[in-house]
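Here is the structure we will look at, set down as structure tokens.
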Amino acid sequence: MFSSLASSQSRVERLIAAGRVVLAVCSLLAIWLAPPEPSWHAHTVFLLLAGYLLFAVVVLLLVGRPHPVLARLPAVTHAVDMLLFSSLLYFTGASTSPFFVYFVFSLVCATVRWQWRGTLWTAAAALLALVGLSVYGAHGGSLPALELGRLILHGVPLVLVAGLLGYLAAYENERRLRSEVSRLAMWP
């Protein structure tokens, strides 16, 4: 049972790591074809994404290796994802940034890894980043403030996706539990 769980978690981590590589490659291609606004941060965004691609490839190579230090890899990579996605929002103008949807990638990863609790905490962190960027811009930061309307347009779908993913994770967990109880009940 334990090896099956570890094998399943290893497959999940490989899938997430491969998804991270695809996300980084596509992001680099997209900003090469259409540099982000404001344009004075285009070089910074490119460097961030190039570093993220390097990080993603290294993580993909490390995933599945049996080493005690790598046990914390999912939490570390999740934190790096959230930090990078927040940074991309900052450098591309939070109110109009195309990188906002990358938080959905983090929500899906959190759901697959840690079920509804991970989804809840990731959604809270993403909303905190959005509000933080908005407050920073409103108080004279180098970023235009995220107006209340835009904050709602970004925040509400994020909360809805998080709610649906959290519900799906809780439902799947309940279904798995019922299946295990049913198997135990049928045991002679």
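Numbers for residues simply follow the sequence, beginning at 1. For the numbers below, each heavy atom of this structure counts, side chains included, while hydrogens, waters and symmetry mates do not. Please read these numbers as outputs of a predicted model, since none were measured by experiment.
At a threshold of 4.5 Å between side-chain heavy atoms, the hydrophobic network of Ile, Leu, Val, Met, Phe, Trp and Tyr places Leu128 and Met82 in two separate groups. Connection of Leu120 to Tyr167 is not established within any shared hydrophobic cluster, with ILVMFWY side chains joined at heavy-atom distances below 4.5 Å, either directly or through further cluster members. Cluster annotation: Leu28 is not connected to Leu33 through the hydrophobic network of ILVMFWY side chains, with a link wherever side-chain heavy atoms come within less than 4.5 Å. Val112 and Leu164 fall into different hydrophobic clusters, defined by Ile, Leu, Val, Met, Phe, Trp and Tyr side-chain heavy atoms under 4.5 Å apart, directly or through other members. Grouping the Ile, Leu, Val, Met, Phe, Trp and Tyr side chains by contacts below 4.5 angstrom, directly or via other members, places Leu84 apart from Leu29.
Between the CG atom of Leu47 and the CZ atom of Phe91 there is a distance of 10.0 Å, given to the nearest 0.5 Å. Rounded to the nearest 0.5 Å, atoms CZ (Phe85) and CZ (Phe105) are 6.0 Å apart. Rounded to the nearest 0.5 Å, atoms OG1 (Thr111) and CZ (Arg117) are 13.0 Å apart. Note that NE2 of His43 is 10.0 Å distant from CG of Leu48, once rounded to the nearest 0.5 Å. Taken to the nearest 0.5 Å, the OG1 atom of Thr77 stands 7.0 Å off from the CD1 atom of Ile16. Note that the NE2 atom of His78 and the CZ atom of Arg20 stand 9.5 Å from one another [nearest 0.5 Å].
Defined by atom type and a distance below 3.5 Å, a donor-acceptor pair is missing between the side-chain atoms of Arg113 and Thr122. Using modelled atom types and a 3.5 Å distance limit, the side chains of Tyr52 and Ser27 yield no donor-acceptor pair.
Across all their heavy atoms, Val59 and Ala17 have their closest contact at CG1-CB, 4.2 Å. Taking every heavy atom of both residues into account, Ala24 and Leu53 meet most closely at CB-CA, 3.7 Å. Between Gly166 and Trp116, the shortest heavy-atom distance links the atoms O-CB, 3.5 Å. Summarising the geometry of Leu107 relative to Ala123, their closest heavy-atom pair is CD2-N, 3.6 Å, with the distance given to 0.1 Å. Annotation for Ala126 and Leu158: closest pair CB-CD2, 3.4 Å, computed over non-hydrogen atoms. In this structure, Phe100 and Leu130 approach most closely via the heavy-atom pair CE1-CD1, 3.5 Å.
Between Leu49 and Leu88, some side-chain heavy-atom pair lies under the 4.5 Å cut-off.
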Residue pair Phe103, Val161: steps toward the side chain to side chain contact (heavy atoms under 4.5 Å, CB included) verdict
CA-CA 10 Å; Phe103 281 126; Val161 168; over 6 Å; no
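Heavy atoms of other residues, nucleotides or ligands lying less than 6.0 angstrom from CZ of Phe46 number 12 at most.
For Tyr102 and Phe99, the ring centers are positioned less than 6.0 Å apart.
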